[in-house]
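A note on names: the letters A, B, ... follow the listed sequences, proteins ahead of strands, and every chain is numbered from 1.
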Amino acid sequence: MYRTHDCNSLRKTDIGKQVMLAGWVNGTRDHGGVIFIDVRDREGLTQVVFRPEENAELAKQAHTLRGEDVIQVSGRVAARLPGTENPNLPTGDIEIIPNELRILNRADPLPFPLDAEPQNEDLRMTHRYLDLRRRRFARNLQIRHRAAKATRDYLDSQGFVEVETPILSKSTPEGARDFLVPSRIMPGKFYALPQAPQQYKQLLMVAGVEKYFQIAKCFRDEDLRADRQPEFTQIDIEASFVTPDDIFALTEGMLAAIFKAARNIEIKTPFDRLTYREALERFGSDKPDRRFAMELVDLGETFRESSFKVFRGALDAGGVVKAINAKGFAGITIGQADELTEIAKLHGAKGLAFIKAESGEWKSPIVKFFNDPEKTALQSKLNIEEGDCVFFAADKWEVACEVLGRLRLRIAEMQELMPPREIWDFLWVIDFPLFEWSADENKWNAMHHPFTRPKAGDMLLFEERKFPEVRAEAYDVVLNGVEIGGGSMRIYEPELQDKMFEALSIKPNDRESQFGHLLRAFRLGAPPHGGIAFGLDRLVMLICGEQSIRDVMAFPKNNRAMDLMTQSPAEVDPKQLRELRIRLAGAAPESRAPSGPK
RNA sequence: GGAGCCUUAGCUCAAUUGGUUAGAGCGCCGCCCUGUCACGGCGGAGGUUGCGGGUUCGAGCCCCGUAGGCUCCGCCA
């Protein structure tokens with residue numbers, strides 16, 4: 001036996017007990033005579049006092065202890081001397097008077113301190129096991145565990161069955177870049193790691209599973225971000241004979257259970273619903289952050305007959321004029337204005353016009369183009385007051401909305417508008433477009449994925465190939481401006497699925513080779529079905545109050561998709577490559593032969 | 001593929017306008033210290049200033065290139 005208690009369980013009521021603790025040396029305070037050692041385990045800290053006059057041999061041993069040594073201490077629980085209690089520690093009323101000390105393992109000096117704010121991320125990742133000893137990350141892992149357990153418990157209670165689907169899977173042309181795994185038995189052929197269990201879960205519906213879920217690892221070979229890792233975890237859900245309302249209710253119940261279990265937070269259900277169109281119209285984003293206001297205001301009516309050519313021109317061309325009012329932001333610096341202009345241009349605007357309401361007047365190069373009725377209308381529609389700063393976008397609807405949406409988020413950061421207390425603002429975004437045009441590929445792509453069904457009311461538009469107007473039976477869940485989940489009602493009729501592939505310009509031959517199994521299944525009794533998937537990492541990140549999903553993953557990868565701890569990816573033995581019949585086309589870039597003259 | 005910021009001791013950071021031997025705190029090592037909880041005191045070790053090149057009498061600092069880290073854009077159905 002290594003211990004009788006954890007390091008956060010002894011209290012006044014335990015005084016006099018003989019106990020045994022095991023853990024890491026969190027700190028030593030060696031007074032030459034008396035020595036204090038804090039023993040730490042996953043639960044907390046307990047102070048051990050070594051007194052040379054009581055046990056010289058033990059004190060001598062204790063003198064050699066350093067941070068993160070692993071020890072086992074046996075001793076008696078005693079009250080601390082009056083006046084030396086530590087109110088900051090749950091165990092601060094007691095201490096251990098040891099009669100035995102075993103040093104289980106010594107630790108070298110650490111590469112970075114554990115009691116300071118985490119910095120130097122690559123060093124931390126190289127020694128991730130040390131980083132995870134910090135209270136913050138230990139807590140994050142526990143919250144993640146409780147979230148996953150609550151998910152399983154809740155879905156089980158609703159009749160859902162967890163089914164595992166293959167990791168060695170098949171590459172599909174749509175969507176993200178696949179990770180490939182070469183086949184040894186069939187040289188020249190490759191598995192792909194799943195981007196999501198999408199097709200499998202639909203096939204499970206054809207299989208009559210009716211209610212499926214899985215906490216599933218997914219893989220996408222794309223560039224990384226603070227909220228994007230090449231491998232991540234989804235809560236994947238699919239059900240037969242359901243409507244979107246069924247999925248909404250299930251989701252709201254599940255998220256309520258997760259928040260309750262993970263942090264004892266009661267969330268408000270049902271969630272608001274916003275159409276895609278309204279979300280862009282009001283917030284300039286399909287994942288609106290509503291924790292602060294600064295909504296987009298449409299000024300088409302105001303400037304319909306304007307003599308200001310930039311606004312009038314945009315409107316005459318079928319576009320829009322919109323604006324946001326950054327309350328109290330007239331003190332904007334030159335640098336900030338430049339940065340916002342850059343953002344506007346980056347997202348398609350030709351420039352960025354703004355008005356500062358300062359010292360009782362409107363300061364802006366464009367105000368002179370406005371007549372009095374236009375100024376009055378602006379004033380009232382945007383509620384412009386002294387100290388405000390108004391930003392305009394005049395462009396195609398999509399561009400104007402997106403530009404102002406991006407500005408809105410950046411301005412909120414600059415103004416530190418985010419309320420300090422925790423807010424959990426959930427909402428559904430519904431009625432997404434079914435298609436989006438890809439200028440690169442010169443074809444229509446599925447906005448969600450190719451298995452999403454058109455809204456029943458838009459089926460005629462679909463038949464008439466009025467693709468920009470067709471809405472999908474698709475929905476996202478947004479929490480605090482972060483997309484945490486999304487799903488749709490699926491196509492289950494082979495004819496409709498075929499038409500969808502045709503709309504996406506997937507050739508009949510490819511349809512058969514890539515999706516033949518799905519189309520065949522749909523001819524053999526496929527029930528209506530639909531579902532949803534959640535990014536577990538993002539969800540847990542928000543629950544933990546973290547800024548990056550790396551902080552809620554045990555062993556995340558860095559910006560270049562490397563695991564710095566294990567140094568993967570790594571080269572492999574040539575024998576392994578021979579078995580796979582793989583020959584590298586070029587060696588590492590530095591040893592590549594120089595290209596010949598042009 | 002692109003943009004921004006960053007890289008000085010094990011860690012976090014300093015170093016005036018380009019100017020002597022690159023400093024501090026923490027950590028580490030040694031000595032002292034009997035009620036601390038960020039214990040305290042004294043002393044010590046520890047540096048190719050990421051790397052390469054250039055300008056200069058002289059470069060941590062200026063210029064060019066390169067590597068690495070983070071954030072963002074593209075990308076992520």
Could you work out the separation of B:U7 and B:C11 based on their P atoms and round it to a whole Å?
14 Å

Please give the distance between the C1' atoms of B:G41 and B:G4 as a whole number of Å.
47 Å

Partner set under side chain to side chain donor-acceptor pair (under 3.5 Å) for A:Asp563, not counting sequence neighbours:
A:Thr566

When the P atoms of B:U49 and B:U8 are compared, how many Å lie between them, rounded to an integer?
11 Å

Given the structure, check if the side chain of A:Arg220 and the base of B:C76 hold any donor-acceptor pair shorter than 3.5 Å.
no

Under a 3.5 Å cut-off for both contacts, is B:C31 paired Watson-Crick or G-U wobble with anything, and if yes, with which nucleotide?
B:G41

CD1 (A:Ile37) and CG (A:Leu21) are apart, to the nearest 0.5 Å, by 13.0 Å

Identify which nucleotide among B:C28, B:C11, B:U71 has an atom closest to any side-chain atom of A:Pro113, counting heavy atoms from C-beta outward.
B:C11

With a cut-off of under 6.0 Å to the ring centre and 45° to the axis, is A:Arg128 in cation-pi contact with A:Phe137?
yes

What residue among A:Asp131, A:Asp115, A:Asp551 forms salt bridge (charged side-chain N to carboxylate O under 4.0 Å, His left out) with A:Arg136?
A:Asp551

Please give the distance between the P atoms of B:C76 and B:A67 as a whole number of Å.
26 Å

Please tell me which of A:Arg538 and A:Leu110 maps to the more 5' nucleotide of RNA chain B, matching each residue to the nucleotide holding its nearest heavy atom.
A:Leu110

Look at the side-chain N and O atoms of A:Asn558 and state whether any lies under 4.0 Å from the OP1 or OP2 oxygen of B:G69.
yes

